[in-house]
Structure formats: C-alpha cells, structure tokens
S.K.: 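Pasting in a structure now, in structure tokens, and then I'll have a few things to ask.
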Amino acid sequence: QQGGTTALTITGANATFAGTLGSTGKITADAGIDIDNFTIDGTTIALSSGDMTLDVAGDIVLDAGGGDIYLNDDGTGYGQISGTSGNLTLKSATSNKDIIFQGVDGGSQVFTALTLDMSAAGKALFNSGAAFAGNVDFADNAKIVVGSGDDLIIKHDGNNSFITEVGTGNLYIESNSIMHLLSNDIRLMNAGNSETMLTGVVNGAVSLYHDNDLTFQTTSNGVQVGRN
C-alpha cells in the first residue's frame with residue numbers, strides 16, 4: 001500500500017494491480033491474457049463481443065509466412081487470399097458462390113458493378129457494359145455469343161471466320177450511309193454452302209445463278225444471258 005491505496009493484491013497464485021503495470025522487460029503469460037473483452041492466448045486473439053478496430057498512424061501490413069490469409073464467418077471459411085510464386089490469388093472458398101464487386105453511387109445507393117460466377121462454366125457479369133483500352137483476344141473456336149437464346153454467334157476456327165444467326169429471326173446489316181463490302185472474291189451461297197446464288201470476282205465477272213445454274217454473267221463486252 002501507499003498513501004492508503006492498495007497498489008497490488010496477491011491472492012494465492014493471482015496478482016491484481018490497481019493501477020498501471022509498467023515493465024522494461026518481456027511479460028510472459030503462458031495461460032493467456034485477458035484485456036477487457038479481448039483474450040490473447042497462444043496464436044489466437046479473441047473478442048467476446050462487439051467489433052474490433054485496427055487504427056494505426058501508418059500502414060497495416062499483413063505478413064503471412066505460409067502465403068495464405070483466410071476469411072471466416074463464425075468459423076466457416078468463405079474466402080482466401082494467397083500468394084503463390086509471386087502471384088496474387090483471390091479465392092471464393094464456398095462451392096459455387098460468386099465474387100461480387102459493389103460500390104456506392106449518388107452517396108447512398110449500393111450497386112453491384114461486377115459479379116464473377118465461380119462455377120466451372122462461370123462468366124463475368126458486368127452491371128452496365130465494359131470498356132477496354134486494348135484488344136479483346138479470343139482463342140480459335142472461341143465464340144462471341146449475343147442474345148438471351150445465344151442467337152448470334154461470331155467465331156474464328158483458325159482458318160475461317162463466321163457470323164451466324166442461329167435464332168428464329170433474321171440477320172440485318174444496317175448502315176445510314178454507303179455500305180462497303182470489300183473482297184476480291186464474293187460468293188453468295190445457300191445456308192448449306194452447297195449451292196451458289198451469286199459470285200463476283202475482281203477484274204472479272206459478276207455471275208447470277210438459278211438453282212445453282214449460271215443464268216446471267218457480265219463480260220468485258222457486256223452481259224451473257226442463259227444457262228450453262
């Protein structure tokens with residue numbers, strides 16, 4: 001005691017300090033330390049109630065020697081951040097659950113800007129389009145598919161390029177001004193690519209066909225009409 005104030009009370013194996021404990025050396029507590037609602041024991045820091053705030057004057061550095069940072073909700077894992085061979089991996093740990101990017105617009109409205117569907121055949125779903133400063137590259141035989149019924153397909157098979165309308169509607173190519181179709185050899189074929197309807201060859205003839213028979217053809221002197 002000092003001045004009538006009890007600074008330290010020892011009861012059995014326990015010691016209770018009434019004021020501040022100052023130490024110039026290391027404090028060892030093998031059974032853990034309780035600080036208000038915090039319990040520090042071994043490799044675990046537990047908070048019995050409320051939120052925990054990390055408020056530092058500088059930066060917050062997470063340094064995991066094992067390369068993984070796990071995100072849990074009441075003991076159940078839902079996310080993982082990993083570093084492997086210098087790469088940063090962001091993983092959704094729950095089967096078939098998505099990774100969602102949200103923001104605030106207008107000061108209060110929360111909206112989803114991007115959803116990454118994490119199923120095996122998952123896609124990136126943008127809220128309102130996407131803009132790219134460079135090229136968008138597709139592998140051979142990869143498809144650009146448009147329409148809720150996958151109606152319009154654009155692809156390149158390594159040799160040829162295709163624009164295919166597979167829905168029930170028509171394919172329209174529109175222009176408010178002159179439309180240029182640039183090619184040295186133009187062929188208009190049937191859907192099965194087995195019958196010719198029209199051909200046009202640079203420095204050569206423009207030919208029209210009826211039921212796959214040539215019936216009209218331009219020549220250097222004019223036109224030639226009649227079947228083959």
Side-chain angles (χ1 to χ4, degrees), residues 78-81 87-218 223 225 227-228:
Y78 65 87
Q80 179 179 336
I81 303 173
N87 298 314
L88 175 65
T89 301
L90 179 62
K91 177 183 178 181
S92 175
T94 306
S95 178
N96 291 330
K97 292 299 182 180
D98 302 333
I99 297 178
I100 300 173
F101 295 84
Q102 291 186 331
V104 179
D105 187 19
S108 60
Q109 180 182 358
V110 178
F111 70 97
T112 297
L114 171 62
T115 300
L116 301 180
D117 182 351
M118 302 310 295
S119 61
K123 302 175 182 178
L125 307 175
F126 293 88
N127 176 58
S128 182
F132 302 91
N135 296 335
V136 179
D137 296 326
F138 296 86
D140 289 342
N141 291 306
K143 300 175 182 178
I144 300 174
V145 182
V146 182
S148 58
D150 295 348
D151 303 296
L152 178 65
I153 299 175
I154 302 174
K155 76 168 187 176
H156 179 78
D157 68 0
N159 296 302
N160 303 303
S161 299
F162 301 85
I163 301 176
T164 307
E165 167 61 44
V166 297
T168 59
N170 300 320
L171 175 63
Y172 294 89
I173 302 176
E174 299 182 3
S175 174
N176 290 328
S177 57
I178 299 173
M179 180 180 295
H180 296 270
L181 180 61
L182 305 180
S183 175
N184 289 333
D185 190 342
I186 297 175
R187 299 169 184 261
L188 183 60
M189 310 292 293
N190 67 335
N193 198 31
S194 59
E195 292 188 10
T196 303
M197 294 183 284
L198 180 148
T199 63
V201 181
V202 64
N203 299 323
V206 175
S207 304
L208 297 177
Y209 292 78
H210 176 80
D211 196 16
N212 209 36
D213 287 334
L214 178 63
T215 58
F216 182 96
Q217 186 176 60
T218 63
V223 299
V225 180
R227 292 180 177 270
N228 285 335

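Scope of the values below: all heavy atoms of this structure, side chains included, with no hydrogens, waters or symmetry mates.
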S.K.: For the residue pair A93 and G79, what are the closest heavy atoms and their distance?
M.R.: CB-N, 3.7 Å

S.K.: About how many Å separate OG1 of T199 and CZ of R187, when rounded to the nearest 0.5 Å?
M.R.: 6.5 Å

S.K.: Can you confirm whether K155 is buried at NZ, in the sense that more than 12 heavy atoms of other residues, nucleotides or ligands lie under 6.0 Å from that atom?
M.R.: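 Counting neighbours around NZ of K155, more than 12 heavy atoms of other residues, nucleotides or ligands fall under 6.0 Å, so yes.
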
S.K.: Quick one: do V206 and F216 satisfy side chain to side chain contact (heavy atoms under 4.5 Å, CB included)? Show the steps, please.
M.R.: CA-CA 8 Å; V206 175; F216 182 96; over 6 Å; no

S.K.: Between S92 (side chain) and K97 (backbone), is there a donor-acceptor pair under 3.5 Å?
M.R.: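 Yes; judged by distance alone, with no hydrogens or angles, the pair exists.
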
S.K.: Output the distance between atom CD1 (I154) and atom OG (S161), rounded to the nearest 0.5 Å.
M.R.: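 Interatomic distance, I154 CD1 to S161 OG, rounded to 0.5 Å: 10.0 Å.
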
S.K.: A side-chain contact here means heavy atoms from C-beta on lying under 4.5 Å apart; do M179 and I173 qualify?
M.R.: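 They are in contact (side-chain heavy atoms under 4.5 Å apart), so the answer is yes.
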
S.K.: Closest heavy-atom contact between N212 and S194?
M.R.: ND2-O, 4.1 Å

S.K.: Looking at side-chain heavy atoms only, is the closest gap between T112 and F101 below 4.5 Å?
M.R.: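 Not touching, per the 4.5 Å side-chain cut-off.
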
S.K.: Starting at OG1 of T115, measure out to CD1 of I100 and round the result to the nearest 0.5 Å.
M.R.: 5.0 Å

S.K.: Quiz question: by atom type and distance under 3.5 Å, do the side chains of H210 and T215 form a donor-acceptor pair?
M.R.: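 Checked: H210/T215 side chains show no N/O donor-acceptor pair below 3.5 Å.
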
S.K.: Tell me the closest heavy-atom pair linking I81 and L90, and the distance in Å.
M.R.: CG1-CD1, 3.9 Å

S.K.: Check whether any side-chain heavy atom of N170 sits under 4.5 Å from a side-chain heavy atom of E165, and report yes or no.
M.R.: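 Not touching, per the 4.5 Å side-chain cut-off.
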
S.K.: Spell out, as yes or no, whether a donor-acceptor pair under 3.5 Å connects the side chain of N135 to the backbone of D137.
M.R.: no

S.K.: Give a yes or no answer on whether the side chain of N127 reaches the backbone of L114 with a donor-acceptor pair at less than 3.5 Å.
M.R.: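 Side chain of N127 to backbone of L114, a donor-acceptor pair under 3.5 Å: no, none is there.
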
S.K.: Given side chain to side chain contact (heavy atoms under 4.5 Å, CB included), test D140 with H156 step by step and report yes or no.
M.R.: CA-CA 6 Å; D140 289 342; H156 179 78; 3.5 Å; yes

S.K.: Test your reading of the model: is there a side-chain donor-acceptor pair from D157 to the backbone of N159, 3.5 Å cut-off?
M.R.: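 Pair found, side chain donor or acceptor close to backbone of N159.
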
S.K.: For a side chain to side chain contact (heavy atoms under 4.5 Å, CB included) with L152, tell me which candidate from V145, V166, I163, I144 qualifies.
M.R.: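 So, applying the side chain to side chain contact (heavy atoms under 4.5 Å, CB included) to L152 and each of V145, V166, I163, I144, only I163 qualifies.
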
S.K.: Does some side-chain heavy atom of M118 sit less than 4.5 Å from a side-chain heavy atom of I99?
M.R.: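 Sidechains of M118 and I99: in contact.
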
S.K.: Ignoring hydrogens and angles, state whether a donor on the side chain of D211 or Y209 is under 3.5 Å from an acceptor on the partner side chain.
M.R.: no

S.K.: Is the backbone N or O of A205 less than 3.5 Å from a side-chain atom of T218, with the two atoms forming a donor-acceptor pair by type?
M.R.: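 Judged by distance alone, no pair lies under 3.5 Å.
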
S.K.: Between the side chains of S183 and D185, is a donor N or O closer than 3.5 angstrom to an acceptor N or O?
M.R.: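 Checked: S183/D185 side chains show no N/O donor-acceptor pair below 3.5 Å.
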
S.K.: Does any N or O in the side chain of S175 come within less than 3.5 Å of the main-chain N or O of S177, such that one atom is a donor and the other an acceptor?
M.R.: yes

S.K.: Mind listing the closest non-hydrogen atom pair of M197 and N190 along with its distance?
M.R.: CE-N, 3.7 Å

